[in-house]
Structure formats: structure tokens, C-alpha cells
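Quick notes on the structure that follows.
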Amino acid sequence: DAKTTQPPSMDCAEGRAANLPCNHSTISGNEYVYWYRQIHSQGPQYIIHGLKNNETNEMASLIITEDRKSSTLILPHATLRDTAVYYCIVSAYYGGSQGNLIFGKGTKLSVKP
Amino acid sequence: ETGVTQSPTHLIKTRGQQVTLRCSSQSGHNTVSWYQQALGQGPQFIFQYYREEENGRGNFPPRFSGLQFPNYSSELNVNALELDDSALYLCASSLGLAGGPSAKNIQYFGAGTRLSVL
């Protein structure tokens, strides 16, 4: 089972910041937070990841709370092409029966004109 | 574009048949993972191959099998197809252990193969 909880859907106006929350209250000290997104009919796309510090790259920012029990993915200026399902994943595992990425159902983000 | 290519893009089979799906990984990646994604669900881990050896398996029966070749490309084979095997099958490549503690889980996905079992 996924170790994260995300809202099933969210709306965002084009050009505004999209803030996608994720709860991971049982996260372990060695587990990272990863965000992927899946645009309709395509494979998931890696966005960003972090351990405990806030991270930023060309796609998004990741804010992790001090207790690491939740995080927020921020898309600073959402466009219509950002409409997708966003998955928050926590993992330290590699290989084995747990694999390395356990996907939940994610958040369906709809960016509206 | 991730550099991960899968073939074919679509496939229709009948129950009881066998199918082989193919995946070419991104250049320099030695690890390939396969996932099954049913409609409306997140991808589910099937298995992973690292340097031609199976490196982990999810909760899938033995009729799901795989191979990884010396060039790190991979195949997923499914025998005795069932109606519930209808899904999008995704392949992802990564640096694996060579990527370090966090980067090993950065996976680059192909566009998938849509399998329909009738």
C-alpha cells in the first residue's frame, strides 16, 4: 500500500501557483519524498525529490515540513499542459518485493483557462 | 522525451494467448523496472532487472516473466493471458544503485504498451 495520502482532485487557474499537498505521517528517517506526474495516456514523469530540505528545480519546488510528515509540491505558474495526475511517493527501498516506487491514486490536477 | 522506448504501442490478444512486450532503456541506465497500470489506478510494480538478473518482484504470478539483455534492453512476457491482464504496461529505466541513495529511485518511463485481452 502507498504510504502517502493525497486529495483526489484539485483545480487551479492558468498562470496561478498550484500547491499540491501530500501527507506521509509514517515516513522513516531514510525515506525520500518523490513526485511524479502522469499526463493522460503517457508514462509517469519524474518531477522532483527531497529528503528534508526544500528543493527547487526548473519544473517545481518541494516544501517538506520540519517533522517531515507532509510536503507540498508547488508549480509556480501553472499552464494548461500541467493538467495531469500527480503522485507523491516516499521510498528508501531499492529492488526486493517492495520494489522502489509504490504509486497511490495521486491527485488529478486540472488547470483551467 | 525520456529516451525509453516501448513496443508495440498497442496490442490485442485473446484469453489464453502469450504476449511479449519490449523496452529499450535510456543510454547509460543498467536497471529496468516494469509496471502494470489498470484503468483509473496508479502503476503497480511487477519486477525489476539489474545487470540481467531479477532484482525484486511485486505481487504478480509466475506467468509474468522477464528478461534483460547485455545492452540492458528488456522484455516482459505474460503467459496464459487473462481478461484482467488488460492494462497499460510501463517500462522504466534508471541508474539503479549507481545513482546513489536518492537517485536510484529516479526512474524514466516509456509511453507504455496498451494491452487489451478479449
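Computed from a prediction, not measured in an experiment: that's the story for all the values here. Heavy-atom basis, side chains included; hydrogens, waters and symmetry copies ignored. Residue numbering restarts at 1 for every chain, and letters A, B, ... go by the order of the sequence lines.
Remark: B/Gln44 CD to A/Phe103 CZ distance equals 9.5 Å, nearest 0.5 Å. The CG atom of B/Leu90 sits 11.0 Å away from atom CD of A/Gln42, with the distance rounded to the nearest 0.5 Å.
Note on B/Leu81 and B/Tyr89: same hydrophobic cluster, where clusters join Ile, Leu, Val, Met, Phe, Trp and Tyr whose side-chain heavy atoms are under 4.5 Å apart, directly or indirectly. Transitive grouping of hydrophobic side chains (ILVMFWY, heavy atoms separated by less than 4.5 Å) brings A/Tyr32 and A/Tyr46 into a common cluster. Placement of A/Met10 and A/Tyr87 in two distinct hydrophobic clusters is found when ILVMFWY residues are connected by side-chain heavy-atom separations under 4.5 Å, directly or transitively. The same ILVMFWY cluster, assembled from side-chain heavy atoms under 4.5 Å apart, contains both B/Phe60 and B/Leu76. One hydrophobic cluster holds both A/Ile47 and A/Leu109 under the rule that ILVMFWY side chains link at heavy-atom gaps under 4.5 Å.
Your options are B/Pro43, B/Gly40, B/Ala111, and the one with the most heavy-atom pairs under 4.5 Å with chain A is B/Pro43.
Annotation: B/Leu39, atom CG; neighbour count of heavy atoms from other residues, nucleotides and ligands within 6.0 Å does not exceed 12. Within a 6.0 Å radius of CZ in B/Arg63, more than 12 heavy atoms belonging to other residues, nucleotides or ligands are found.
Neither the backbone nor the side chain of A/Glu31 comes within contact range of chain B; no heavy atoms are under 4.5 Å apart. The part of B/Tyr35 that comes within reach of chain A is its side chain, from C-beta onward, which places non-hydrogen atoms under 4.5 angstrom from that chain. Neither the backbone nor the side chain of B/Gln6 has a heavy atom closer than 4.5 Å to any heavy atom of chain A. Both the backbone and the side chain of B/Ile106 come within contact range of chain A, each with at least one heavy atom under 4.5 Å from a heavy atom of that chain. In this structure, no portion of B/Ser94 lies under 4.5 Å from any heavy atom of chain A.
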Take B/Gln107 and A/Leu101 through the side chain to side chain contact (heavy atoms under 4.5 Å, CB included) test and state the conclusion after the steps. CA-CA 9 Å; B/Gln107 300 190 14; A/Leu101 297 178; 3.6 Å; yes
